[in-house]
Amino acid sequence: MNKRPLLTLITTFLLASAPVHAQAPAPGKASLDEAWPAQTRFSPYAGRNFPGQVYWGDTHLHTSMSFDAGAFGARLDPHDAYRFARGEEVTSSGGLKARLSRPLDFLVVADHSDNMGFFPTLLGGEPSYLANATGKRWYDMVQAGGETAVNAALEIIASFSDGSFPPELASLPGSPVYSSAWKLAIDAAEQANDPGQFTAFIGYEWTSNTNGANLHRVVIYRDGGDVASKSLPYTTLKPAGSDNPTDLWKELQSVHDRTGANLLAIAHNGNLSNGIMFPLVDSFTGRKINKTYAQTRMKWEPLYEITQIKGDGEAHPFLSPNDEFADYETWDMGNLTLTEVKTEDMLQYEYGRSGLKLGLQLEDKLGVNPYQVGFIGSTDSHTALATAAEENFFGKHSGTEPGPERMTHPVGCFGDMCIFGWQQAASGLAAVWSTENTRGALFDAMKRRETYATTGSRIVVRFFGGWEFDADDARSRTPGEAGYSKGVPMGSLLGKARGDAPNFLVAARKDPFSGNLDRIQIVKGWLDRKGKPQEQVYDVVWAGERQPGNDGKLPPVGNTVDVANATWTNTIGAPELITVWQDPDFDPEQRAFYYARVLEIPTPRWTAYEAKRFTGAEVPEGTPMVQQERAYTSAIWYSP
């Protein structure tokens, strides 16, 4: 068969068809409009009205402006803290170069309101301070450096806790020292704030520490310096201040009424409160918690800091004996100053999970739940360096920066009791689901509790509750679409019961710099028919082909950690997990809460990195070298 060249065929076709196209009438505008109807949306992200991004930050960081941080050796100020959080390299107070692997999205420099600015003034040799015998002695001890300076810091903290701090040395609101320090805090935040790129919140820590019992709160402004400068931080120093949280809430209301400021408070470290963080009986009045207390606390404190350097506060093995993951970075020796030993009867009033259960009890009696709080993590670092990553951990204060003796070095000793370096936890981070990275959007997300905590890694977690989720929703690559359209996000309240039982859409993706995922659990707490609080931990989705044993427990995921080399392999676990889970034990007549806990596979603890990097580093017997990073979402609540 004779085959004509392809070019000849194409030319013939074009020539033959040309007259036809030349004679075709031009299409009218109406026909074109019908053929290509106008579209206002093709991109799935255009017009999105729900949070599509998680932002990472630290809401609890101290600098040299805090009297204890300065005494422990901190020399970096709020400007340095924001620079470091934004990703810049800085030199630590101990002379080490420091930088984050990834910048944070937001930061709250929360220096202590009590004696704010005291230490830089003491260090500068203020004549009125040196004229005081105690002030002169503290000044000489700090100038001596080393262990002597650490002892000065402990003495300063103890004197503040027991009420013996010399009033002549106090930096009080209204004084030039105090006003200058607050102005520095505001100016640093204003200069660092970059809407859409980095959020620098204005804030402070109110440090109630009566008899060593920790009732600390971080106070955060939604507003800028023009509003924050119209008021001063509230202190615990009487008569102008108070160590009672109810007085703090009154002050926040007063500041709002006088200046229009929008504020919230975050309680932290209930594990050092010795039984008074989540009370049924007010420790200040001896009276049972009433409806007014519950309503006021709920208004001002939407969040609880559940994990940080001074231990993890989710659960305790005494309270949750059936939870094999409850004993994580546990600090339970005593109060903050170790002047009162911990007893078992205190524990239920200290931990986040038990606090949620106590909230159900109070709601049942009062109609209001004062402990309906979302969860976040933060560092409480006193170095001005927000470091929560295990391999980049700079410690609680500047006397415990990285070094060959850090694990055996006391973080603080009070009498015969000590906290040693190895007991510090490289924790944590605050994760906030927000529509944008601005003060207003992040603050509003915190108020609605759309937050979660991690112990340091950046696990991305979605958690929704509702009545209409199905298995297909777990196959979605954008779980937020189904989550917001069919249910409510973490931090929310479920509507009235519809159908058999609520179901939950939960999804997690690994931190690319950290370990694969082991499992996702849902923790449920409820009141039984007798009004007694109960709890259950459910494994809802996990990596690998494991199956629960006869005891209902899922076998461990395994362990690939090479402790000597401080590394691991991601040959076990999964990069992401997602499922829809329905409560198999739901009773529509019982109050309940649900939150998700996501576990990574085992990875090296900061102590393993320390031992590898410093030849001859002394590792005390029993020091943990391996750990499992985790995330705790805010709860979703159900009421009959």
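The shown structure was predicted, so the numbers you read here are calculated from the model rather than taken from an experiment.
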Original post:
Side chain of Ser634, backbone of Thr451: donor and acceptor closer than 3.5 Å?
Top reply: yes
**OP:** Give the C-alpha distance, both sets of side-chain angles, the deciding distance and a yes or no for side chain to side chain contact (heavy atoms under 4.5 Å, CB included) between Leu215 and Asn209.
**Re:** CA-CA 6 Å; Leu215 288 177; Asn209 195 34; over 6 Å; no
**OP:** Would you indicate whether the side-chain heavy atoms of Glu600 and Ser514 approach each other to under 4.5 Å?
**Re:** yes
Original post:
So, Glu629 versus Thr603: side-chain donor-acceptor pair below 3.5 Å or not?
Top reply: no
Subject >> Validation row: Pro279, Ile289 side chains within 4.5 angstrom (heavy atoms) >> reply: yes
Subject >> Beyond-backbone contact of Ile601 with Trp568, side-chain heavy atoms, under 4.5 angstrom >> reply: yes
Original post:
Taking the six-membered ring of Trp433 as reference, does the NZ or CZ atom of Arg462 fall below 6.0 Å from its centre and within a 45° cone about the axis?
Top reply: yes
Original post:
Is it true that the side chains of Thr567 and Asn565 contain a donor and an acceptor less than 3.5 Å apart?
Top reply: no
Original post:
Without hydrogens or angle criteria, can the side chains of Asp58 and Thr379 be said to hold a donor-acceptor pair below 3.5 Å?
Top reply: yes
Subject >> Euclidean distance, Phe394 CZ relative to Ser381 OG, rounded to 0.5 Å >> reply: 10.0 Å
Identify each donor-acceptor pair in which a side-chain atom of residues 522-531 lies under 3.5 Å from a protein atom, sequence neighbours left out, and give them as a table.
residue: Lys524; atom: NZ; partner: Asp583; partner atom: OD2; Å: 2.8
residue: Lys524; atom: NZ; partner: Asp585; partner atom: O; Å: 3.4
residue: Asp528; atom: OD1; partner: Lys530; partner atom: N; Å: 2.9
residue: Asp528; atom: OD1; partner: Gly531; partner atom: N; Å: 3.1
residue: Asp528; atom: OD1; partner: Lys532; partner atom: N; Å: 2.8
residue: Asp528; atom: OD2; partner: Gln534; partner atom: NE2; Å: 3.0
residue: Arg529; atom: NE; partner: Asp587; partner atom: OD2; Å: 2.9
residue: Arg529; atom: NH2; partner: Asp587; partner atom: OD1; Å: 3.3
residue: Arg529; atom: NH2; partner: Asp587; partner atom: OD2; Å: 2.7

Original post:
Regarding Asp380 and His268, is there a side-chain donor-to-acceptor distance under 3.5 Å anywhere?
Top reply: no
**OP:** Evaluate whether atom CG of Asn211 has more than 12 neighbouring non-hydrogen atoms of other residues, nucleotides or ligands under 6.0 angstrom away.
**Re:** no
Original post:
Is any side-chain N of the basic residue among Glu610 and Arg406 closer than 4.0 Å to the acidic one's carboxylate O?
Top reply: yes
Subject >> Close side-chain approach of Tyr609 and Pro604, heavy atoms under 4.5 Å >> reply: yes
**OP:** Return yes if some donor-acceptor pair links the side-chain N/O of Arg449 with the main-chain N/O of Gly491 below 3.5 Å, else return no.
**Re:** yes
Subject >> Asp332/Lys342 ion pair, N-O < 4.0 Å >> reply: no
Original post:
Roughly how far apart are Tyr328 OH and Leu599 CG, rounded to 0.5 Å?
Top reply: 9.5 Å
Subject >> Between Thr207 and His112: side-chain donor-acceptor atoms closer than 3.5 Å >> reply: yes
Subject >> Thr307 and Ser427: side chain donor to acceptor below 3.5 Å >> reply: yes
Original post:
Would you call the rings of Tyr371 and Phe278 parallel, tilted or perpendicular, where under 30° means parallel and over 60° means perpendicular?
Top reply: perpendicular
**OP:** Count the heavy atoms belonging to other residues, nucleotides or ligands that lie under 6.0 Å from CD of Glu405, then report whether that count exceeds 12.
**Re:** no
Original post:
Quick one: do the Ser378 and Thr59 side chains pair a donor with an acceptor below 3.5 Å?
Top reply: yes
**OP:** Drop me the distance from Asp364's CG to Gln361's CD, to the nearest 0.5 angstrom.
**Re:** 8.5 Å
**OP:** Check whether any side-chain N or O of Asn269 sits under 3.5 Å from a backbone N or O of Leu272 as a donor-acceptor pair, and report yes or no.
**Re:** no
Original post:
So, Tyr304 side chain and Ile376 main chain: donor-acceptor pair closer than 3.5 Å or not?
Top reply: no
Original post:
Do Val219 and Glu205 come within less than 4.5 Å of each other through their side chains, counting heavy atoms only?
Top reply: no
Subject >> Side-chain ion pair, Arg605 and Glu329, N-O less than 4.0 Å >> reply: yes
Subject >> Donor-acceptor side-chain pairing of Glu301 and Trp249 below 3.5 angstrom >> reply: yes
Original post:
What is the ring orientation for Trp581 with Tyr538, classed by angle as parallel under 30°, tilted 30 to 60°, or perpendicular over 60°?
Top reply: tilted
Original post:
Is a donor on one side and an acceptor on the other found under 3.5 Å between the side chain of Ser354 and the backbone of Gln348?
Top reply: yes
Original post:
Would you say Leu356 and Tyr595 make side-chain contact, with heavy atoms under 4.5 Å?
Top reply: yes
Original post:
If we ignore angles and hydrogens, is there a donor and acceptor under 3.5 Å between the side chains of Asp539 and Gln521?
Top reply: yes
**OP:** Test Arg458 against Asp105 for salt bridge (Lys or Arg N to Asp or Glu O under 4.0 Å), laying out the working first.
**Re:** CA-CA 12 Å; Arg458 302 192 186 190; Asp105 298 309; 5.3 Å; no
**OP:** State, without any angle test, whether Ser320 and Glu535 hold a side-chain donor-acceptor pair at a distance under 3.5 Å.
**Re:** yes
Subject >> Worked check of side chain to side chain donor-acceptor pair (under 3.5 Å) between Tyr293 and Arg287 >> reply: CA-CA 11 Å; Tyr293 176 101; Arg287 302 190 188 101; over 6 Å; no
**OP:** For residues Leu264 and Met446, determine if any side-chain heavy atom of one lies less than 4.5 Å from a side-chain heavy atom of the other.
**Re:** yes
Original post:
Looking at side-chain heavy atoms only, is the closest gap between Ile520 and Leu577 below 4.5 Å?
Top reply: yes
Original post:
Looking at the rings of Phe593 and Tyr638, which for Trp means the six-membered one, are their centres under 6.0 Å apart?
Top reply: no
**OP:** Start with the C-alpha distance between Met333 and Val341, add both sets of side-chain angles, then the distance that settles side chain to side chain contact (heavy atoms under 4.5 Å, CB included), and finish with yes or no.
**Re:** CA-CA 6 Å; Met333 288 188 292; Val341 176; over 6 Å; no
**OP:** Mark yes or no for whether Gln372, through its side chain, and Asn369, through its backbone, hold a donor-acceptor pair below 3.5 Å.
**Re:** no
**OP:** Given side chain to side chain contact (heavy atoms under 4.5 Å, CB included), test Val488 with Leu493 step by step and report yes or no.
**Re:** CA-CA 7 Å; Val488 296; Leu493 311 182; over 6 Å; no
Original post:
Can we say Arg630 and Asp312 salt-bridge, meaning some charged N sits less than 4.0 Å from an Asp/Glu carboxylate O?
Top reply: no
Original post:
So, are Arg546 and Asp518 salt-bridged, with charged N and O less than 4.0 Å apart?
Top reply: yes
Subject >> Asp511 and Arg102 ion-paired at < 4.0 Å >> reply: yes
**OP:** Could you check Phe464 against Phe469 for side chain to side chain contact (heavy atoms under 4.5 Å, CB included), going step by step and ending with a plain yes or no?
**Re:** CA-CA 9 Å; Phe464 298 95; Phe469 295 119; 3.8 Å; yes
**OP:** Give a yes or no on whether the backbone of Ile572 and the side-chain of Asn516 come within a donor-acceptor separation of less than 3.5 Å.
**Re:** yes
Subject >> Heavy-atom donor-acceptor pair, Gln424 side chain to Lys396 backbone, under 3.5 Å >> reply: yes
Original post:
Hey, does the side chain of Thr633 reach the backbone of Met490 with a donor-acceptor pair shorter than 3.5 angstrom?
Top reply: no
Subject >> Heavy atoms from other residues, nucleotides or ligands near CG of Asp562 exceed 12 (cutoff 6.0 Å) >> reply: yes
**OP:** Given salt bridge (Lys or Arg N to Asp or Glu O under 4.0 Å), test Lys553 with Glu324 step by step and report yes or no.
**Re:** CA-CA 9 Å; Lys553 297 292 186 182; Glu324 64 267 43; 3.2 Å; yes
**OP:** Classify the side-chain pair Asn244/Thr246 by whether it contains a donor and acceptor separated by less than 3.5 Å.
**Re:** yes
Original post:
Hey, is the main chain of Val411 close enough, under 3.5 Å, to the side chain of His397 for a donor-acceptor pair?
Top reply: yes
